[in-house]
Trainee: 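Sharing a structure below in structure tokens format, with a few things to ask.
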Amino acid sequence: MNLDSLLQRPDVWRGGRVSAATATVSSGFDELDALLAGGWPQGALTELIMPRQGIGGLRLLTPALARLSCEQRWICWVAPPHIPYAPALASAGVDLSRVLLVHPKARQDGLWAVEQSLRSGNCGAVLAWPTLEDSVILRRLQLAAEVGDAIGFLFRSQRCVRRPSPAALRLQLESGTDGRLSVSILKRRGGRAAGTVQVDTSLQHGSLALHSPAPTAPGYTQPHWQ
Amino acid sequence: MIRGDGRRARVLFCNAGAEQCGIRTGMPLAAARVLAGGLLVHGLDSKAAQEALCGLADWAYQFSSRVSLCPPYALLLEVQGSLSLFGGRTALLKRLRSGLVALGYEARLAAAPTPLAALILARCGGGRMVEARHELVAALAPLPIPVLDWEPALLERLEGMGVRRLGDLLRLPRDGLARRLGQQSLLYLDRMLGRCPDPLVLYQPAAVFRRRLPLVAEVEQAQALLFVLQRLVLELCGWLQGRGAGVQSFTVRLLHHERRDTRLRIGMRRAGRDAGQFTVLLREHLQRLVLEKPVIAVELQAVQPVRLDARSMDLFRSADARERIDLLDCLRARLGEEAVQGISAIAEHRPEYAWSYSEPGRSRSDSREQVRPLWLLAVPRQLETREGRPYWRGPLKLQAGRERIESGWWDGRDVARDYFVATSPSGSRYWIYRELTGERRWYLQGVFE
């Protein structure tokens, strides 16, 4: 057996790079794809840890969601904290007819729904917002994602950062400079946990200023603060 | 189990224990009592038996379109035409047997070139197959006379003549037989051996599926009903298979004492007849169900079968029901219909009306290219102002550009607002608006996540 054939074996891992077999879906951001060795890992959990809302965590996903929505599989949102706004999703290129919103009444039902969706094979991506207490079942969710070949995006609060996690990928998101989003790798299965990139998520939905109508409406006055 | 009464009563069926004592089908009850003391003897509930038999005939229709009832306890299937479809005689019998076991029946199966021979072979134990007509006499000759379902008086006469086995009977001269037993008996033997045709009345399957099972004991836990209902689901799927059909919904009725029954409607996005899928959905429904009264009987109904394309069925042939099952059906079964939705974008100026829930997979997408946040708050949140500026987790800084939205005067829900993208000191971006009328308050309506 020579070295090449040894390295082809699925049970042999090489440090410092992701094994070539790991399928990914491009994030749509070149600098991030480079950092992630291709993009979002398919059939696995990705944790996105955010210190607060409104920094553009979802924008980081919309190019991939748009791509995944072209397949005949669902983009499933389980118990989102707000209403996913259809006009914004549509203009980000997401096929709305593949979007599934699940609103379970009980927390336990939410975890069940996430697991079912991941495992079903009917979902390209599953988005969920598990709490700190839900950490124990992440292992099950990771397995379900493998079975169903789905990407599980878990949005988590900063408090979860020190918790061990079975997720294939853990990213720390922070607001970067000039309204950009700073993305750092906390953990990457089969790869080194290192590197930070600044991603301009605002470009993905066009420059905000460009799309705003010119202030020509009659009677318009500059809003006054005092 | 006996048939007939008084001195005429004969054994119809017996269990393995009774067989060990030497008791056989067709034996006079009096003789059986001599062989074994303490026999539990049951008469045949003919109405229940007939219903069960019809149910089985519906189910068996999937294997052959020529099914005949032989009350009280036998079914005949003409399978010559189905053999190639099911991979031969042995494979077909195996499928029949495992299907019947799943339905909760103990069955004796036999195959023969004539209906009567098949019946007789099944009656004396089953498991036998006779392929060609010329092998029939050899197969039947060693069997004891009581396997014939003739009048007890006729059987007694034969016993009196010293005829013990079918072979003895077949060796007797025809004219003598006709004289002593009647033309009918001769016809019977001719049909048994295939010497003359045996026209059967074919069973016509029911147009709707409705089957009820009384429960042996009252059931208080909804989930405990799954086991019995599973049996009815199997019958339903067999019935559908026989018709080349599927259903998009079926109804389960749970019957209580002196109280209106509980009804569950199990709906699916696509018509199907996959017992595994039906059972998974049923389980989710039962998990949500809290029974107020114990259940004494269950009933399953399916009234609108639709034709299924045979090719579309192949797509769903997978080993695990959980993989085949439609995610949407599964989620709705447990969480309720309204908990699983799709979304549409609607061409409408007022942001809160520019979207709506819709049936998953049937979204409208009438949107314009505009700056819109990915999160919309269900209800806009009024913001306080500090030093005249809108304040939300710190003073908000407005980005250049505002969007004026004035609309809706025609339906009384008019809005007049100026929208802004605002940034918090920590870098979060929000979608806020200021009323153009009244107190000109500030509201938070969206988050640029």
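What's counted below: heavy atoms across the whole structure, side chains too, no hydrogens, waters or symmetry copies. Lettering follows sequence order; numbering is per chain, from 1. The structure displayed is predicted, hence computed values, not measured ones.
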Trainee: If you draw a 6.0 Å radius around CZ in B/Arg288, do more than 12 non-hydrogen atoms from other residues or ligands fall strictly inside?
Mentor: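 Atom CZ in B/Arg288 is crowded, with more than 12 foreign heavy atoms closer than 6.0 Å.
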Trainee: Tell me, yes or no, whether the heavy-atom count around B/Glu292 atom CD, taken from other residues, nucleotides or ligands under 6.0 Å, exceeds 12.
Mentor: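 Not more than 12 within 6.0 Å, no.
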Trainee: What part of B/Arg364 lies closer than 4.5 angstrom to a heavy atom of chain A: side chain, backbone, both or neither?
Mentor: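 For B/Arg364, backbone heavy atoms alone lie under 4.5 Å from chain A.
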Trainee: Parallel, tilted or perpendicular: which one describes the rings of B/Trp431 and A/Tyr85, with boundaries at 30° and 60°?
Mentor: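 Geometry flag for A/Tyr85 against B/Trp431: tilted rings.
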Trainee: Could I get the full list of ring-ring contact (aromatic ring centres under 6.0 Å, His included) partners for A/Trp40, not counting sequence neighbours?
Mentor: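 A/Trp40 satisfies ring-ring contact (aromatic ring centres under 6.0 Å, His included) with A/Phe153 only.
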Trainee: Go through the structure and list residues passing side-chain contact (heavy atoms from CB on, under 4.5 Å) with A/Leu173, not counting sequence neighbours.
Mentor: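 With sequence neighbours excluded, A/Leu173 shows a side-chain contact (heavy atoms from CB on, under 4.5 Å) to A/Leu48, A/Met50, A/Ile55, A/Leu60, A/Leu171, A/Leu181, A/Val183, given in chain and number order.
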Trainee: Is any side-chain heavy atom of B/Ser426 less than 4.5 Å from a side-chain heavy atom of A/Arg52?
Mentor: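 Yes. Closest side-chain heavy atoms under 4.5 Å.
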Trainee: Quick check on A/His82: does its NE2 atom have over 12 non-hydrogen neighbours (other residues, nucleotides or ligands) under 6.0 Å away?
Mentor: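 More than 12 heavy atoms, drawn from other residues, nucleotides or ligands, come within 6.0 Å of this atom.
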Trainee: Distance from B/Ser363 atom OG to A/Leu100 atom CG, nearest 0.5 Å?
Mentor: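 Result: 9.5 Å between the selected atoms.
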Trainee: Give the minimum heavy-atom separation between A/Pro84 and B/Ile343, together with the two atoms involved.
Mentor: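 It is O-CD1, 3.8 Å.
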Trainee: Just wondering, do A/Trp112 and B/Leu331 contact through their side chains at under 4.5 Å, heavy atoms?
Mentor: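 The answer is yes, as the side chains (C-beta and beyond) meet within the 4.5 Å cut-off.
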Trainee: Rounded to the nearest 0.5 Å, how far does CG of B/Leu335 lie from NZ of A/Lys105?
Mentor: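 One finds 7.5 Å between NZ of A/Lys105 and CG of B/Leu335.
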Trainee: Say you draw a straight line from CD of A/Gln116 to CD of B/Glu284; how long is it, rounded to the nearest 0.5 Å?
Mentor: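 So the gap between those two atoms works out to 6.5 Å.
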Trainee: Measure the CD-OG1 distance between B/Glu449 and A/Thr62 for me, rounded to the nearest 0.5 Å.
Mentor: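 The distance works out to 11.0 Å.
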Trainee: Testing the basics here: between B/Ala345 and A/Leu96, what is the closest heavy-atom pair and its distance to 0.1 Å?
Mentor: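 Taking B/Ala345 first and A/Leu96 second, the nearest heavy atoms are N-CD1, 3.5 Å.
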Trainee: Shortest non-hydrogen contact from A/Pro87 to B/Ala354?
Mentor: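 Shortest heavy-atom contact: CG-O, 3.3 Å.
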Trainee: Kindly determine whether B/Leu328 and A/Trp74 satisfy side chain to side chain contact (heavy atoms under 4.5 Å, CB included), including the steps that lead there.
Mentor: CA-CA 10 Å; B/Leu328 202 54; A/Trp74 298 110; 4.2 Å; yes
Trainee: Between A/Pro51, A/Ala113, A/Ala106, A/Ser117, which shows the greatest number of heavy-atom pairs under 4.5 Å with chain B?
Mentor: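 Of the options given, most contacts go to A/Ser117.
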Trainee: Assess whether atom CD of B/Gln221 is packed by more than 12 heavy atoms of other residues, nucleotides or ligands within 6.0 Å.
Mentor: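 Open: at most 12 neighbouring heavy atoms sit under 6.0 Å from CD of B/Gln221.
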Trainee: Most heavy-atom pairs under 4.5 angstrom with chain A, which of B/Gly336, B/Pro351, B/Ser356, B/Ala347?
Mentor: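 Maximum pair count with chain A is reached by B/Pro351.
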Trainee: Which of the residues B/Arg362, B/Glu359, B/Gln341, B/Arg334 is involved in the greatest number of heavy-atom pairs with chain A at under 4.5 angstrom?
Mentor: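 With the most close heavy-atom pairs to chain A, the winner is B/Arg334.
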Trainee: Chain A heavy atoms under 4.5 Å from B/Ser344: which part of the residue, side chain, backbone, both or neither?
Mentor: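 B/Ser344 touches chain A through backbone heavy atoms alone.
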Trainee: Could you tell me which non-hydrogen atom of A/Ile83 sits nearest to which non-hydrogen atom of B/Ala378, and how far apart they are?
Mentor: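 For A/Ile83 and B/Ala378, the tightest heavy-atom pair comes out as CD1-CA, 3.6 Å.
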Trainee: In terms of heavy-atom pairs under 4.5 Å with chain A, which of B/Tyr357, B/Tyr430, B/Trp355 leads?
Mentor: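 Ranked by heavy-atom pairs under 4.5 Å with chain A, first place is B/Trp355.
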Trainee: Under a 4.5 Å heavy-atom cut-off, does chain B meet the side chain of A/Ser97, its backbone, both or neither?
Mentor: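 Both parts, heavy atoms under 4.5 Å.
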